[in-house]
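Structure first, commentary second.
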There are 2 protein chains.
Amino acid sequence: MPAKENLRPGGRSARVQASVHNAVRSLLKTMDRADVTIPLIAAEAGVTPSTIYRRWGELQELLADVAVERLRPDMLPIDTGSARGDLEVWTEQYCEEMSSGIGRDMMRDVLAAQDNANACKCDAFTREQIALIAERAHARGEAFPDIDAVMDGVVAPIIYRILFGDQPSIERVRDLVTNVLAATTIRPPQPASALISG
Amino acid sequence: MPAKENLRPGGRSARVQASVHNAVRSLLKTMDRADVTIPLIAAEAGVTPSTIYRRWGELQELLADVAVERLRPDMLPIDTGSARGDLEVWTEQYCEEMSSGIGRDMMRDVLAAQDNANACKCDAFTREQIALIAERAHARGEAFPDIDAVMDGVVAPIIYRILFGDQPSIERVRDLVTNVLAATTIRPPQPASALISG
DNA sequence: GCGCTAAAAGCAAATAATTTGCGTTAATGG
DNA sequence: CCATTAACGCAAATTATTTGCTTTTAGCGC
């Protein structure tokens with residue numbers, strides 16, 4: 001039961017949540033996550049441990065809660081002037097963030113929690129970003145694949161590799177983008193050679 | 001430190017490991033995983049808790065250890081007579097297993113552990129199965145995609161959806177197979193034996 | 001086989017984390 | 001402003017984890 005956003009979000013309750021979240025972020029900066037305990041977080045946050053236990057249940061739910069906030073995109077995808085450029089730049093940045101130590105840890109925290117609501121949120125964040133790129137592409141009159149096609153063709157392979165093996169190379173990431181754009185049904189005003197290469 | 005396959009695999013040590021693994025499997029059958037604790041497992045296995053603590057460190061490593069064994073494929077992919085049939089049948093079965101409650105839990109256990117060696121093993125298992133299908137296809141003179149193409153085009157999207165959202169529909173899974181086969185060019189055989197050890 | 005060495009297990013005491021009952025504070029709604 | 005009750009704090013009880021030391025036994029050279 002991640003007591004996130006229902007039931008009494010006012011004053012004190014919100015302050016406690018913010019304080020606990022800050023304590024977690026602060027502790028994760030200076031120490032190994034294996035050494036972070038609920039009593040420690042409670043002391044850092046200035047609350048009693050039982051508050052955390054009752055509200056989050058276990059450490060993993062709290063970590064997942066904090067991680068999902070950090071995974072929320074804080075900026076719009078960069079506008080490079082073309083759909084291909086937008087998607088390439090966004091994808092490379094996404095891959096870098098997710099495959100970094102911090103990104104990996106946060107993903108692990110989100111997936112390790114009992115409750116998969118946080119994982120769904122992460123998926124929604126990613127889809128939103130891609131939808132923005134798609135909207136811009138359409139506004140320019142460019143073709144752009146379905147969001148699902150991008151999720152399956154670009155995001156899923158990247159995440160799979162990060163979780164189950166090693167970080168994908170930048171070349172591999174570019175290939176994924178190239179392939180998903182090449183499979184787009186409506187032909188964009190781009191040279192055909194750019195779509196087939198790779 | 002998952003003390004799996006090094007250092008003194010003989011008699012008693014092996015017996016203890018087997019006993020503990022059995023205890024975990026047995027307990028997971030009858031109770032919620034949130035209620036499974038190390039002292040409980042120790043009692044069921046007839047060992048002292050400190051043995052488990054020293055050997056696996058924490059519950060998650062032990063659960064990951066057990067889960068990866070259960071995720072090891074126990075049969076060859078079904079031979080349907082064609083590459084498409086083989087891949088379709090295998091994929092549907094894989095998707096069903098992984099998206100079941102048990103499959104999800106095991107995947108979560110594997111990914112939640114500090115040590116990602118178990119996750120790599122799961123990846124290797126999957127690649128091995130696909131390599132077998134590929135070998136058969138080539139023996140028949142059929143074209144078959146790269147293992148990596150199948151991982152990116154079929155396995156990754158399925159796993160991503162299971163982890164971050166909902167179970168993919170059977171139609172979606174068939175589409176993934178169709179698309180990866182449509183992109184296939186003829187290529188040399190890839191021996192499965194070269195891809196995995198243990 | 002026989003003993004030597006050290007890794008792994010057992011035991012129990014010490015420490016730390018988690019749960020729980022109950023009183024107190026303060027957010028929400030009328 | 002008052003009533004209601006969710007959420008918090010506190011402390012005692014329970015349970016899990018760590019740790020020092022002893023015992024067992026696998027692995028190995030003879």
Side-chain angles (χ1 to χ4, degrees), chain A residues 1-24 26-28 30-66 69 109 112-115, chain B residues 1-24 26-28 30-66 69 109 112-115:
Chain A
M1 300 121 204
K4 270 302 300 301
E5 45 250 320
N6 5 26
L7 290 176
R8 209 169 271 221
R12 182 167 71 159
S13 189
R15 270 197 310 279
V16 166
Q17 162 156 337
S19 176
V20 169
H21 275 219
N22 282 335
V24 170
S26 167
L27 288 174
L28 286 179
T30 52
M31 58 195 304
D32 197 56
R33 85 189 317 86
D35 299 329
V36 175
T37 65
I38 287 183
L40 231 159
I41 294 166
E44 175 85 12
V47 302
T48 65
S50 64
T51 293
I52 297 180
Y53 286 117
R54 283 204 240 251
R55 199 156 162 178
W56 283 277
E58 49 176 320
L59 182 56
Q60 289 197 323
E61 291 294 334
L62 173 54
L63 290 177
D65 235 39
V66 172
E69 288 308 314
D109 288 341
Q114 302 283 125
D115 190 332
Chain B
M1 306 125 203
K4 269 304 297 305
E5 45 251 321
N6 10 23
L7 290 175
R8 211 170 266 222
R12 181 166 72 160
S13 190
R15 270 198 308 281
V16 165
Q17 163 157 336
S19 177
V20 169
H21 275 219
N22 282 336
V24 170
S26 167
L27 288 174
L28 286 179
T30 52
M31 58 196 302
D32 197 55
R33 85 190 315 86
D35 299 329
V36 175
T37 65
I38 287 183
L40 230 159
I41 294 166
E44 175 84 12
V47 301
T48 63
S50 64
T51 292
I52 297 180
Y53 285 116
R54 282 204 240 250
R55 201 157 160 175
W56 282 276
E58 48 175 319
L59 182 56
Q60 288 195 323
E61 291 294 334
L62 173 54
L63 289 177
D65 235 38
V66 172
E69 288 309 313
D109 288 341
Q114 302 284 125
D115 189 333

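First the proteins, then the strands, lettered A, B, ... as listed; each starts at 1.
Between the base of dC10(D) and the side chain of S50(A) there is a donor-acceptor pair shorter than 3.5 Å.
The nearest heavy atom of DNA chain C to P39(A) and to V47(B) marks one nucleotide each, and the one closer to the 5' end goes with V47(B).
Atom-to-atom, CZ of R12(A) to C1' of dA26(C) comes out at 6 Å; the value is rounded to the nearest Å. Look at CG on L40(A): it is 7 Å from P on dA17(C), rounded to the nearest Å. In this structure, the CD atom of E58(A) is 9 Å from the P atom of dT18(C), given to the nearest Å. Between L59(A) atom CG and dA16(D) atom P there is a gap of 17 Å when expressed in whole angstrom units. Going from atom CH2 of W56(B) over to atom P of dT18(D) covers 15 Å, rounded to whole Å. Remark: P of dT15(D) and OH of Y53(A) are 15 Å apart, rounded to the nearest angstrom.
Contact annotation: T51(A) reaches the phosphate of dG9(D) (side-chain N/O to OP1 or OP2, under 4.0 Å). Here T48(A) does not reach the OP1 or OP2 of dC8(D): none of its side-chain N or O atoms lies under 4.0 Å away. Not one side-chain nitrogen or oxygen of R54(A) sits closer than 4.0 Å to the OP1 or OP2 atom of dT19(C). Close to dA8(C), at under 4.0 Å from its OP1 or OP2, lies no side-chain N or O of R55(B). Put simply, S13(A) has no side-chain N or O that comes within less than 4.0 Å of OP1 or OP2 on dA27(C).
Nearest heavy atoms, A23(B) versus E44(B): CB-CG, 3.5 Å.
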Problem - From CA spacing to verdict: side chain to side chain contact (heavy atoms under 4.5 Å, CB included), R55(B), V20(B) - result: CA-CA 11 Å; R55(B) 201 157 160 175; V20(B) 169; over 6 Å; no
